[in-house]
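Heads up, the thing below is written out as C-alpha cells.
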Protein chains: 2
Amino acid sequence: MALRFAIIITLEDKLCSGYEIAQNFNRGLGYFWCASHQQIYLELKKMTDAGLVSYDVIKQVGKPAKKVYRTTTEGFNALDDWLLLPAKMTPVKDALLMKIYVGSRVNPTVLLTEVQRHQQHYRELLKTYQEIDGCFQPIKEKPTKYQYSYLTLRKGILQAEAWLVWSDEVCTFLNDQIKDSF
Amino acid sequence: MALRFAIIITLEDKLCSGYEIAQNFNRGLGYFWCASHQQIYLELKKMTDAGLVSYDVIKQVGKPAKKVYRTTTEGFNALDDWLLLPAKMTPVKDALLMKIYVGSRVNPTVLLTEVQRHQQHYRELLKTYQEIDGCFQPIKEKPTKYQYSYLTLRKGILQAEAWLVWSDEVCTFLNDQIKDSF
DNA sequence: GACAGCATGTAAGAGGTTACATGATTGG
DNA sequence: CCAATCATGTAACCTCTTACATGCTGTC
C-alpha cells in the first residue's frame, strides 16, 4: 500500500517513467523507500487501472519510447487520505546484526570483511548525502516544502553517521579478536 | 530464509516454544529480527520437516501444554553455512519519512502528534536498551560470546539515540510551523 | 461475564524477490 | 562482437500480514 504513495511522491517532484522511478529508488534519493523495477511496473499498472495515475507515451531518438506518468486528482486525494493514517513502524530485520550476535561461531576475519563491505556502502551513502546537503544550504530560507525534504536528508545523515560510529566499534573489537588468535 | 536462522539463534540462548520466540521478537531482545507468531509457527513446522529443529511437548499446571524446540546438529550446520554467506543490506522502507518528505501537504499539528508517537516508542526502546546495558557492565571481561551480543546492543543504543536527535530537529521545525500558522 | 494472558494453529491475500524475456542503441 | 544503458514486462515463488479459529486459566 505504501509503495504506491512512494511512487506518487516521487512523481510530485518530476514526471517520470517507471524506469526513472526505479533509478530514484535505488540510487541517490532512496531515503524513504526502495523497490525493484518489476515491482514498480506492476504497481504502476494497478495504479493506472485504479485511476490514480495516467501516462503519455513519449518517443525518443536513439532510445526506446517511454511511458511518462502523472498523478491524477484521485491519486492526490488518495495520498492525502493516506497521510492522515498513522505511519507503521519499520519492522527490524537486520541480517548483519544476527551474524554479529553469533559472531563467536564465525572466523573473525570473515566477519570483519563482511562488516567492511557494509561500511563502504554507508560511507558512500553518507558522502552522497553530504553532497546533497551542500546544495541545500543556499535554499535554507526557501519554501517550507524544501525544508521538509531537508529533514529527511538530515535523517539519512544522522543515521549513517551513527551506523559508521557503531561499525568502528565493531571493527576495533574484531581486530582485537584477530590479534588474540595468533 | 533469514527467519529460520533468527529462530535458531534465539534457541541458542534458551530452549523456547513458538510463543516464547514470538515474545522475544516483539518485546525486548528483538534487535535484529521480528516476526508474528503466525509466521513463527509456520516456520517452525517447516524447520521440523527439514530436520533443523525438534521439539518436546511439555505439560504445565494451570497453562496449556507447549512445544519446546531445540536445534539439531543439522540445524547448527545450516546456520554455520548461512553465516559465511554475505548478509543482505536491509532495504529502506520508512513510511514516516515519506510523510515528512511531503509534510507541506499535511497539517503540522497532525504530523507533530505522529512524530511524537514514534518518539515515545524510541524513548521506551532506548530505556530498555540502557537497562540491559547496565546488566552488561559487570560481565564486560567475560567470554567473547557476551561481547558479541553487547555489540548488537550498542547498535540499538546508537541508532535509537540518533533517531531521537533527529526527531527533536523535526519537532522543533514543526512547532515553528504551527506558531507561524497563527 | 468480560477481558487478558498462555498456547497453538489455518487460510487468504498482499507484498516482494528472483529468474526469465525482449529489443533498441551506444561505446569499447 | 560484447557489454552496458535504456525501457518494458511476465511468471514462479517466497515472505509477511490480516483475519479467523480454538481452548484453558486467572483476574476485575
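Note that the coordinates shown come from a computational prediction; the quantities given were computed from them, not determined experimentally.
- For B/Tyr41 and B/Tyr19, the distance between ring centers is not under 6.0 angstrom.
- Side-chain nitrogen and oxygen atoms of B/Lys88 include at least one within less than 4.0 Å of the OP1 or OP2 phosphate oxygen of C/dT18.
- When the side-chain nitrogen and oxygen atoms of B/Gln39 are compared with OP1 and OP2 of D/dT15, none of them lie within a distance under 4.0 Å.
- Salt-bridge annotation for A/Glu12 and B/Arg105: present, with a side-chain N of the basic residue lying under 4.0 Å from a carboxylate O of the acidic one.
- The distance between atom CD1 of B/Ile40 and atom P of C/dA7, rounded to the nearest whole Å, is 14 Å.
- Proximity of B/Leu111 to A/Leu83: side-chain heavy atoms (C-beta onward) are nowhere separated by under 4.5 Å.
- Checking the phosphate oxygens (OP1, OP2) of D/dC6, a side-chain nitrogen or oxygen of A/Tyr19 falls inside 4.0 Å.
- Among C/dT10, D/dC16, D/dT10, the nucleotide with an atom closest to any side-chain atom of B/Lys45 is C/dT10.
- Distances were taken from every side-chain heavy atom of B/Gln23 (C-beta onward) to each of D/dT15, D/dA7, C/dC6; the shortest belongs to C/dC6.
- Between B/Ser17 and the phosphate of C/dT8, there is a side-chain N or O to OP1/OP2 separation shorter than 4.0 Å.
- Toward the 5' end of DNA chain C, the nearer of the two residues A/Ser36 and B/Lys67, judged by each one's closest nucleotide, is B/Lys67.
- When the P atom of D/dT5 is taken as reference, atom CG of A/Asn26 falls 14 Å away, rounded to whole Å.
- The distance from atom NE2 of B/His37 to atom C1' of D/dT18 is 10 Å, rounded to the nearest whole Å.
- Contact check for A/Ile21 versus A/Gln23: no side-chain heavy atoms found under the 4.5 Å cut-off.
- Put simply, CD on A/Glu20 is 9 Å from P on D/dC6, counting in whole angstrom units.
- Nearest to the side-chain atoms of A/Gln38 among the listed nucleotides C/dA11, D/dT15, C/dT18 stands C/dT18.
- Within the 4.0 Å cut-off from OP1 or OP2 of D/dG9, not a single side-chain nitrogen or oxygen of A/Lys46 is found.
- Rounded to an integer number of Å, the gap from CD1 of A/Ile7 to P of C/dG15 is 12 Å.
- Per the geometry, NZ belonging to B/Lys66 stands 14 Å off P belonging to C/dG9, to the nearest Å.
- The aromatic rings of B/Phe5 and B/Trp82 lie parallel to each other, with less than 30° between the two planes, well short of the 60° mark.
- In this structure, A/Tyr148 and B/Phe173 have perpendicular ring planes: the angle between them is above 60°, well past the 30° mark.
- Between B/Tyr129 and B/Tyr31, the ring planes are perpendicular. Angles over 60° get that label, and only those under 30° would be called parallel.
- Rounding to whole angstrom units, CD of residue A/Glu43 and P of D/dT10 are separated by 14 Å.
- Taking only side-chain atoms of A/Tyr41, from C-beta outward, the nucleotide of C/dA7, D/dT18, D/dT8 with the closest atom is D/dT8.
- Looking at A/Thr152 and B/Trp166, their side chains never come closer than 4.5 Å, going by heavy atoms from C-beta outward.
- When heavy atoms are screened at a 4.0 angstrom cut-off, B/Gln60 is found touching the sugar-phosphate backbone but no base atom.
- Looking at heavy atoms from C-beta onward, A/Pro86 lies in side-chain contact with B/Glu114 at the 4.5 angstrom threshold.
- Listed nucleotides C/dT17, C/dT8, D/dC16 differ in distance to A/Lys93; the shortest reach to its side chain belongs to D/dC16.
- By the 4.5 Å heavy-atom criterion applied to side chains, A/Thr48 and A/Tyr69 are counted as neighbours.
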Every protein N/O lying under 3.5 Å from an N/O of nucleotides 23-28 of chain C:
| unit_1 | atom_1 | unit_2 | atom_2 | d |
| --- | --- | --- | --- | --- |
| C/dT25 | O3' | A/Gly62 | O | 3.3 |

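- Each end of the helix from C/dG1-D/dC28 to C/dG28-D/dC1 gets its own rotation axis from five pairs of C1' atoms, and the angle between them is 30° to the nearest 10 degrees.
- When the C1' atom of D/dT8 is taken as reference, atom OH of A/Tyr55 falls 11 Å away, rounded to whole Å.
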